[in-house]
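Would you mind keeping the following structure in view while I ask a few things?
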Protein chains: 2
Amino acid sequence: MSSIRYALLSLLAREPLSGYDIKQQMNNRLGPFWKAGSNQVYPELAKMEEEGLIRLQGVEQLTYRPARKVYEITESGRQVIIEWTMEPGEVEHIRDNFLLKAYNSWLVAPEKMYEQLEGIKKQHEERLAAYLEKIAELETMRTHGNEQDPIASSISVVEFGVEYERLYIKWCERLMAKQQQ
Amino acid sequence: MSSIRYALLSLLAREPLSGYDIKQQMNNRLGPFWKAGSNQVYPELAKMEEEGLIRLQGVEQLTYRPARKVYEITESGRQVIIEWTMEPGEVEHIRDNFLLKAYNSWLVAPEKMYEQLEGIKKQHEERLAAYLEKIAELETMRTHGNEQDPIASSISVVEFGVEYERLYIKWCERLMAKQQQ
DNA sequence: GAGGACATGTAAACGGTTACATGATTAC
DNA sequence: GTAATCATGTAACCGTTTACATGTCCTC
């Protein structure tokens, strides 16, 4: 699938960015959705430039720092990402190690499992708070009544995250109650 | 993390199994949660046997077929999986390509996006039905009032799946409504 | 006679994570 | 003086996916 390529094009379809910007957007802002390391971002940008999907928009040079290379998407790159977005795909499977731990809960003392659940629940509560904040921020930037607004798409994705975290928290609470019976 | 090792031990903690059985359980029954290929299962079983985490319980030989090697967990393996289950861990990020497509929905015609959502929703509805069936099946096997019953743990995990699919379906419906505005 | 189930395994390719390397500036 | 930020990139490793290989039995 090489999903990293599509992730990069998805971001560049919105605005010109440098490799560093892309890493920041992925790891800080939309962190829990996708992540990427420099080793994936920089070589992939180089490949995509060769293939004409993106082009160097400009280079910002400060003497004491590596040149900041800002890329923009080309018409060809836009077509590729649009095609991919419309392409039908298979649903993927949930991959979460904590579910595997829950599958083993019968093996451990209920008090121990309760502690585990408490810790995981807390982490999901933090994520939930971060997503809600992110949505509030995005709402202020939104062009109302325009569903072709990229901000509206961003909000939809983060809303998924909100619902996911709420589900996870509720599920933890239900399991915690069971450990106390 | 080498989560494949923990997945194998989690299954073997419940009952003795062959490599083939394990693949079946992962890819058919609990499919959408974890998957594994033969290239992961067989070498990992061999390594775990060497390390004394599992042992060969017996070999069923039919002349016309490779010998069916059934493994059982050892006390040492049991300790390893219990330790891991109680070990605190970081929450993982959601990795789902369709969310990336939704992030790009502003790029495509609303009718096209509607079709995409319809297809994905359908797939999640099928999964939901399969999970509900699985739970009904598990409920009949359950030892009631015993939370140390492995079946109860299985049910909890599949219940997570149920809630996840319901969330996904609702989210698709909300987005579909937006495409029609 | 074609294809799937059973049952083990290997090989090659891909994708992702962690760590390394450089080097000046700024903040504590 | 220590650590973080900015900014590019490389190297080594690990885990996963897909395909290949063998061989018989059973069903359509």
Side-chain angles (χ1 to χ4, degrees), chain A residues 1-9 16-29 31-50 54 56-71 89-97 100, chain B residues 1-9 16-29 31-50 54 56-71 89-97 100:
Chain A
M1 284 242 165
S2 184
S3 79
I4 189 66
R5 160 161 299 201
Y6 298 116
L8 300 185
L9 282 176
L17 294 164
S18 71
Y20 191 83
D21 293 336
I22 288 171
K23 259 178 61 200
Q24 291 307 100
Q25 290 213 11
M26 289 187 131
N27 298 341
N28 301 341
R29 292 184 208 196
F33 290 104
W34 303 283
K35 292 221 166 186
S38 6
N39 65 320
Q40 288 186 279
V41 172
Y42 295 114
E44 196 63 35
L45 285 173
K47 265 189 242 166
M48 292 200 296
E49 199 196 356
E50 251 181 68
I54 59 175
L56 208 54
Q57 192 203 39
V59 178
E60 289 163 34
Q61 181 72 66
L62 277 162
T63 46
Y64 60 85
R65 219 183 260 173
R68 188 180 132 84
K69 295 157 81 176
V70 178
Y71 292 96
E90 294 287 298
V91 304
E92 279 147 72
H93 63 272
I94 311 167
R95 177 175 289 288
D96 184 314
N97 275 327
L100 191 52
Chain B
M1 284 239 168
S2 184
S3 77
I4 189 65
R5 159 161 299 201
Y6 298 115
L8 300 185
L9 283 177
L17 295 164
S18 71
Y20 191 83
D21 293 336
I22 289 171
K23 259 177 63 199
Q24 291 308 100
Q25 290 214 11
M26 287 187 133
N27 299 341
N28 301 340
R29 293 185 207 194
F33 290 105
W34 304 283
K35 293 220 165 188
S38 7
N39 65 323
Q40 288 187 282
V41 173
Y42 295 115
E44 195 64 35
L45 285 174
K47 263 188 244 164
M48 291 199 297
E49 199 196 355
E50 249 181 70
I54 59 175
L56 209 53
Q57 193 204 37
V59 178
E60 290 163 33
Q61 181 73 65
L62 278 163
T63 45
Y64 61 86
R65 217 183 260 172
R68 187 179 133 84
K69 294 157 82 177
V70 177
Y71 292 96
E90 292 288 297
V91 305
E92 279 146 74
H93 63 274
I94 311 168
R95 176 176 291 287
D96 184 315
N97 275 326
L100 191 51

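Computed over heavy atoms, backbone and side chain alike; hydrogens, waters and symmetry mates excluded.
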Open item on the list: Nearest 0.5 angstrom please: A/L100 CG to B/F33 CZ, how far?
Closed with: 11.0 Å
- [ ] Check whether any side-chain heavy atom of B/L56 lies under 4.5 Å from a side-chain heavy atom of B/Y71, and answer yes or no.
- [x] yes
- [ ] Could you check how far CD of A/Q40 sits from C1' of D/dT16, rounded to whole Å?
- [x] 14 Å
Task: Side-chain touch A/M48/A/R5, heavy atoms, less than 4.5 angstrom - done: yes
Task: Atom-pair distance (CZ on A/F33; P on C/dG16), nearest Å - done: 17 Å
Task: Residues that A/E60 engages under side-chain hydrogen bond (donor to acceptor under 3.5 Å, both in side chains), provided they are two or more places apart - done: A/R68
Open item on the list: Expressed as a whole number of angstroms, how long is the span from A/W34:CH2 to C/dG15:C1'?
Closed with: 17 Å
Task: Heavy-atom check, side chain of A/V91 versus side chain of B/D96, under 4.5 Å - done: no
Task: Protein-nucleotide distance (B/L17, atom CG; C/dA7, atom P), rounded to Å - done: 12 Å
Task: Rounded distance (Å) that lies between atom P of D/dA19 and atom NZ of B/K35 - done: 14 Å
Protein-nucleotides 6-9 of chain D N/O pairs under 3.5 Å:
{"residue": "D/dC6", "atom": "OP2", "partner": "A/Y20", "partner atom": "OH", "Å": "3.1"}
{"residue": "D/dC6", "atom": "O3'", "partner": "A/R65", "partner atom": "NH1", "Å": "3.0"}
{"residue": "D/dA7", "atom": "OP1", "partner": "A/R65", "partner atom": "NH1", "Å": "3.0"}
{"residue": "D/dT8", "atom": "OP1", "partner": "A/K69", "partner atom": "N", "Å": "3.0"}
{"residue": "D/dT8", "atom": "OP2", "partner": "A/Y20", "partner atom": "N", "Å": "2.6"}
{"residue": "D/dT8", "atom": "OP2", "partner": "A/Y42", "partner atom": "OH", "Å": "3.1"}
{"residue": "D/dG9", "atom": "OP1", "partner": "A/K69", "partner atom": "NZ", "Å": "2.9"}
{"residue": "D/dG9", "atom": "O6", "partner": "A/S38", "partner atom": "OG", "Å": "3.4"}

Open item on the list: Do A/L17 and A/L8 make a side-chain contact, defined as non-hydrogen atoms from C-beta onward lying under 4.5 Å apart?
Closed with: no
Open item on the list: Checking B/L45 against B/I22 for the side chain to side chain contact (heavy atoms under 4.5 Å, CB included) test, could you report, in this order, the C-alpha distance in whole Å, the side-chain angles of both residues, the deciding distance, and whether it holds?
Closed with: CA-CA 10 Å; B/L45 285 174; B/I22 289 171; 4.2 Å; yes
TODO: Round to a whole Å and report the spacing from CG of B/L45 to P of C/dT10.
DONE: 12 Å
TODO: Please report, rounded to the nearest Å, how far the C1' atom of C/dT17 is from the CZ atom of A/R95.
DONE: 14 Å
Open item on the list: Rounded to whole Å, how long is the line connecting atom CD of B/E44 with atom C1' of C/dT8?
Closed with: 17 Å
Task: Degree of bending, the helix from C/dG1-D/dC28 to C/dC28-D/dG1 (end axes from five pairs; round to 10°) - done: 40°
- [ ] Could you pull out all residues at least two apart from A/P16 that satisfy side-chain contact (heavy atoms from CB on, under 4.5 Å)?
- [x] A/Q57, A/V70, A/E72
TODO: Go through the structure and list residues passing side-chain contact (heavy atoms from CB on, under 4.5 Å) with A/A46, not counting sequence neighbours.
DONE: none
Task: Phosphate OP1/OP2 of C/dG15 contacted by A/R5 side-chain N/O (<4.0 Å) - done: no
